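Report on the following structure.
This is a predicted model, so every value here is computed, not measured. Just so you know, ligand 1 is whichever comes first in the structure, and atom 1 is the first atom listed for that ligand.
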Amino acid sequence: MKTKLFNFTDEQIDCAARLIRQGQLVAFPTETVYGLGANALDEEAVKSTYVAKGRPIDNPEIVHVWCSEQIETFAHVDQRAKLLIDAFMPGSLTLVLKKKPNLSSVVTAGFDTVGVRMPQSEQARRFLQACRVPVAAPSANTSGRPSPTNWTAVKEDLDGKIAGILCGEDCAVGIESTVLDTTKDGLVVLRPGVVTPSEIAKVVNQPVTVLTDPLSKVNSPGVRYTHYAPLCQMVLNVDGDKEKLISFYDKIASNGLNPVLLCDDVLGFGDRNVLSLGKSNEEVAQTAFSSLRFCEKNFDYIICSFLPKGEFGQSIQNRLMRSASNKIL
Ligand code: TXA
Ligand code: MG
């Protein structure tokens, strides 16, 4: 299949939206990461997202909407969910709600709940509005790879496997949405993101717990799989101990490999390979996944160092830990 590249003109958006209504797959930008869109009401189209990504079939997909009225066409919205929708949508929060029977359980991997998200980015909203149907969209990467935060990363993974890519802006947030389960009495963050537990707690005036055990059966199914991993080896340092980083780097280099230090603080490493991970949380989140994709092409071993600051810092650390397959230095 030849994958068409679309620009953000009204005509091209309409072409891409028509492909969605015809059951084809089109990747599109959101402020978090690029999504691989399919008509959520078309079982065959949704199934083909799993094939294109090589995604395990027991991992449910998020349904994307452009207005809140669309949500009630396929999900139940209670009082608390309404409060959350009013406060955070559009935005980088996915709400897990009880699904209505008309939504195929192919989208929800057999669960009776559905993840719903209304992206904030103007480009995503223009596309979703043009689609006129709810759009199931996992991140537009091969399953297990770092999420795509620009259209070239989507092309790298999915060229020839999908009908089109809407070539829009680089993602402003850079890590995926916060996933919040609202279907039980207590609210639980299943995947941390830029919308933090304390921001959520303030709106609903109740505590919010964060799921921390990646092996737990009750969590977001996606949390169980290998994720965000670059093609080369990677280790994560979380204490900023430069002597430790240097001695690990030198050991790897002495084995004939070409390592790189990917750090939030790049000073003091002499003439070793060093790349900046960014200074603020915002910068680190924006560039982390694209940096991993750059490093895997140019080096053999990523030695990453990141000291989390605040709740958003924890969300970023969660992604980096999983990129490093929990290998901590
Ligand atoms: O920012 C994002 O959320 C991006 C953009 C494209 O919107 N999408 C994204 O989709 O990250 P994906 O498929 O890569 O991750 C969806 C996550 C998975 O961890 C999945 O298990 C969880 O959301 N999820 C979806 N529906 C769920 C449900 N009904 N119950 C629990 N977890 C759910
Ligand atoms: Mg993903």
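- The same ILVMFWY cluster, assembled from side-chain heavy atoms under 4.5 Å apart, contains both V65 and L93.
- Polar contact check, S177 against ligand 1: a nitrogen or oxygen pair lies under 3.5 Å apart.
- Counting backbone and side-chain atoms alike, S143 contributes no N/O/S atom closer than 2.8 Å to the Mg ion (ligand 2).
- In this structure, CZ in F289 is found 15.5 Å from OH in Y34, a value given to the nearest 0.5 Å.
- Using the six-membered ring where Trp is involved, Y301 and F248 have ring planes that are perpendicular, over 60° apart on the 30 and 60° scheme.
- Taking the side chain as every heavy atom from C-beta outward, P119 and H64 approach each other to under 4.5 Å.
- Proximity to G115 (heavy-atom distance under 4.0 Å) selects the following atoms of ligand 1: 26 (N), 29 (N).
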Start with the C-alpha distance between S121 and E31, add both sets of side-chain angles, then the distance that settles side-chain hydrogen bond (donor to acceptor under 3.5 Å, both in side chains), and finish with yes or no.
CA-CA 5 Å; S121 105; E31 76 282 5; 4.6 Å; no

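- Of all atoms in ligand 1, listed by their number and element, those nearer than 4.0 Å to a heavy atom of L190 are 31 (C), 32 (N).
- A cation-pi geometry, defined here as NZ or CZ lying under 6.0 Å from the six-membered ring centre and within 45° of its normal, holds between K242 and F269.
- Residue G35 approaches ligand 1 through these ligand atoms, each under 4.0 Å from one of its heavy atoms: 6 (C).
- One option in S147, P60, G174 has a heavy atom closer to atom 28 (C) of ligand 1 than any other, and that option is P60.
- For the atom pair OG of S139 and CD1 of I175, the computed distance is 12.5 Å after rounding to the nearest 0.5 Å.
- Not a single heavy atom of K99 sits less than 4.0 Å from an atom of ligand 1.
- Under the side-chain contact (heavy atoms from CB on, under 4.5 Å) rule, S305 has a single partner from L236, V235, V266, L245, which is L245.
- By the 3.5 Å distance cut-off applied to N or O atoms, T32 is counted among the residues near ligand 1.
- Summarising the contacts of atom 15 (O) of ligand 1 with R191, E61, H227, the nearest heavy atom is found in R191.
- Distances between N or O atoms of N59 and those of ligand 1 include at least one value under 3.5 Å.
- Those atoms of ligand 1 that come under 4.0 Å of a heavy atom in P138, given as number and element, are 10 (O), 12 (P), 13 (O).
- Taking any N or O of E176, backbone or side chain, none lies under 3.5 Å from an N or O belonging to ligand 1.
- Under a 4.0 Å criterion applied to the non-hydrogen atoms of T113, ligand 1 contributes the atoms 28 (C), 29 (N), 30 (N).
- Taken to the nearest 0.5 Å, the CZ atom of R293 stands 8.0 Å off from the CG atom of N150.
- The contact set between ligand 1 and H64, taken as ligand atoms under 4.0 Å from a residue heavy atom, comprises 5 (C), 6 (C), 7 (O).
- The heavy atom nearest to atom 8 (N) of ligand 1, considering only P148, A137, S143, is found in A137.
- Against a heavy-atom cut-off of under 4.0 Å, V179 is close to the following atoms of ligand 1: 23 (O).
- Tested against F74, the residues L97, L41, N102 include a single side-chain contact (heavy atoms from CB on, under 4.5 Å) partner, N102.
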